[in-house]
Protein chains: 2
Amino acid sequence: MIRLLLADDHPVVRAGLRAVLELEPDFVVVAEEATAEAAVVRAGRGDVDVVLMDLQFGDRLDGIDATQRIRALPDPPRVVVLTTYDIEGDVLAAIGAGAAGYLLKDAEPGEMARAIRAGTGDTVLAPRVAQRLVRRSLQPDTALSARELEVLGSVAEGLSNEAIGRRMFLSQATVKSHLVHVFSKLGVESRTAAVAAARERRLIR
Amino acid sequence: MIRLLLADDHPVVRAGLRAVLELEPDFVVVAEEATAEAAVVRAGRGDVDVVLMDLQFGDRLDGIDATQRIRALPDPPRVVVLTTYDIEGDVLAAIGAGAAGYLLKDAEPGEMARAIRAGTGDTVLAPRVAQRLVRRSLQPDTALSARELEVLGSVAEGLSNEAIGRRMFLSQATVKSHLVHVFSKLGVESRTAAVAAARERRLIR
DNA sequence: TCTGCGGTCAACCTTTCGGTTGATCGGCAG
DNA sequence: CTGCCGATCAACCGAAAGGTTGACCGCAGA
C-alpha cells in the first residue's frame, strides 16, 4: 500500500488526483495540502510514502524549495513533481532538489500511477520531458551556452544591450556578439523574436 | 437540473471538476471532451446547458475560438471559461467570444458552482478577476486600448512592425503610433521592455 | 453642436539594433 | 604542443525601431 500526500493549491486538481489515483487498489491518499509550507510539515509526520508536489503555488515557485526541505527530513518520503509545464530549467531544478520523478499534469492516469510506483530507484521523467532533454543533448549546435542564456534572460526582462552590458560588466559589443549567436541558434532575427522562440522552446519562463 | 459539458485537455482536471461539481444536487456532467474541436461538436447535440471551457489545449489557445463557435450554434449552451490565469487579454477575448463567465481554476468548488448557476444574465467574473479589471478601469490613463493590446500581442510573438502591419492591415506608421502609446502607458521605452511589463501585469500571456 | 478620443496615416529625425569582419585571450581535448 | 571554442571587444554599415509633429475620420458624450 502506497500512502500519498497531494500538494497543490488548486482544489479541483487535488480532487482530480484523488479521484484517479484512488482507483488504484494499492494507492491511498492520506492527506491534501494547499500550500508548500503545509506540505513540508505534513510530510514530516512519517506516514507518507510519496508526495505529489506541484511546483507553482499561486504565482510562486515554492515547490522546488518544499521538495528540498522534504528530502532533508529524516527518513523522507519520495517526492514526485507534478506540474503543467516541462520547462527545462524547472526539470533540472526539481531533480537537483531531490525529486524522484517529474510528471506533467496532462498525463493519463495510468501513466501517472506507473511513474509513482516505479520511482524507487532512478528519477522517473514523463516520456515527453525525457524526450526533449535527450533531443537537446544530441543537438549541441542549437544549445545556447550559459552566457548566451544569461544575456537572453536580460533581453526578456526588457533591457537594452547597453543596460545588459552594464549589468553583466560587458561592452555592448560583447552583448551584441552573444545575441547574434543566439539569433542564429534559434533561427530568428530580432531580440523580441528570440524571446518568443526561447519561451516557446521553454528555455526561459 | 443543469447539464454540464467539461472541456479540458487534462484528465486530472476533468476528474476533479466532475468530482466537485457532482456534489451539487442540481448539476449533472453529461460529457467530457479533451479537445476544443470535440467540445464544439458535442455542444451541438443540444443536450448541454453550460460548457466549462478551458482556454489552453496543449500549448494552443483554442478555447477562445471554440467558445465563439459554440455561441454561434443555434440555441447555444452558455460557455463558462475556466482557466488558470487571469490574463487581462484572455478575459477580454473570452467575453468578446461570448463567454458567460470567467473562472479561475484555483477557485473553491462552492464559488464555482455559484458562478455556473448565476451565469444566465450578465457575465460572471471570478472576484479576483473582476477586482483587477475594476482597479484598472479606475486608471484610464494606464489602460491599453483593445487595438494597442492587439499590437502588443504581435510584438510579444516576435513580429516586426512591418509584419504586424501586414497581419493587421495597417501601415507601419500606425503600428508605431500604437506602440508609442503603449510605451508611454506602460512607462517603458522599448518593445521588449513593453512585453516584459505587460507580461508582469498579466496584460498578455 | 462641439469636444475629446481612438484609430488611421505621413514625413522627418535620432538612436538602437542587427550583421560582418577581425582580433585577443584562456582553457581543454586530441 | 596545437587547434578549437567560448568569451571578450572594436569599428563599421544598413536597417529597424523609437520619437515628434501634424493631419483626418468617426463616434460617443457633454
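Residue numbers begin at 1 in each chain, while the letters A, B, ... track the order of the sequences. Quantities reported herein were computed from a predicted structural model and do not represent experimental measurements.
- Distances shown here put a side-chain N or O of A:Asn161 below 4.0 Å from the OP1 or OP2 atom of C:dC17.
- Distance, B:Ile164 CD1 to D:dA16 C1': 12 Å, rounded to whole Å.
- Remark: A:Glu24 engages A:Arg117 in a salt bridge, criterion side-chain N to carboxylate O under 4.0 Å.
- The interatomic distance linking A:Leu170 (CG) with D:dC9 (P) rounds to 5 Å, in whole Å.
- Summarising the geometry, the separation between CD on A:Glu150 and P on D:dG6 is reported as 16 Å, rounded to the nearest angstrom.
- Here the P atom of nucleotide D:dG14 and the CD atom of A:Glu189 are 19 Å apart, to the nearest Å.
- In this structure, the side chain of A:Arg71 engages the main chain of A:Pro77 through a donor-acceptor pair within 3.5 Å.
- Heavy atoms of A:Ser177 sit under 4.0 angstrom from at least one base atom.
- Taking 4.0 Å as the cut-off between side-chain N and carboxylate O, A:Asp8 and B:Lys105 do not count as a salt-bridged pair.
- Taking atom CG of residue A:Leu186 and atom C1' of nucleotide C:dG19, one finds them 16 Å apart after rounding to whole Å.
- The side chain of B:Ala173 has C:dC9 as its nearest neighbour among C:dT8, C:dG18, C:dC9.
- Proximity of a side-chain donor or acceptor of A:Arg69 to a complementary backbone N or O of A:Ile64 within less than 3.5 Å is not detected.
- Because its NZ or CZ atom is not both nearer than 6.0 Å to the ring centre of B:Phe183 and within 45° of the ring axis, B:Arg191 does not count as a cation-pi partner of that residue.
- Note on A:Gln172: nothing from the nucleic acid sits closer than 4.0 angstrom, heavy atoms only.
- Between A:Lys176 atom NZ and C:dT16 atom P the separation is 11 Å, expressed in whole Å.
- Residue A:Ser190 has no polar side-chain atom (N or O) positioned under 4.0 Å from OP1 or OP2 of D:dA16.
- In this structure, of C:dC17, D:dG18, C:dT8, it is D:dG18 that holds the atom nearest to the side chain of B:Phe183.
- In the set D:dT8, C:dG7, C:dG18, the nucleotide with an atom closest to the side chain of A:Leu179 is C:dG18.
- The CZ-P distance, from A:Phe169 to D:dA7, rounds to 18 Å in whole Å.
- For the pair A:His181 and D:dG6, the criterion of a side-chain N or O lying under 4.0 Å from OP1 or OP2 is not met.
- In the set C:dC9, D:dG19, D:dC9, D:dC9 carries the atom at the smallest distance from any side-chain atom of A:Thr174.
- For the pair B:Glu162 CD and D:dA15 C1', the computed distance is 11 Å after rounding to whole Å.
- Residue A:Ser171 is classed as a sugar-phosphate contact, given heavy-atom separations below 4.0 Å to backbone atoms only.
- In terms of phosphate contacts, A:Arg191 brings no side-chain nitrogen or oxygen within less than 4.0 Å of OP1 or OP2 of C:dT16.
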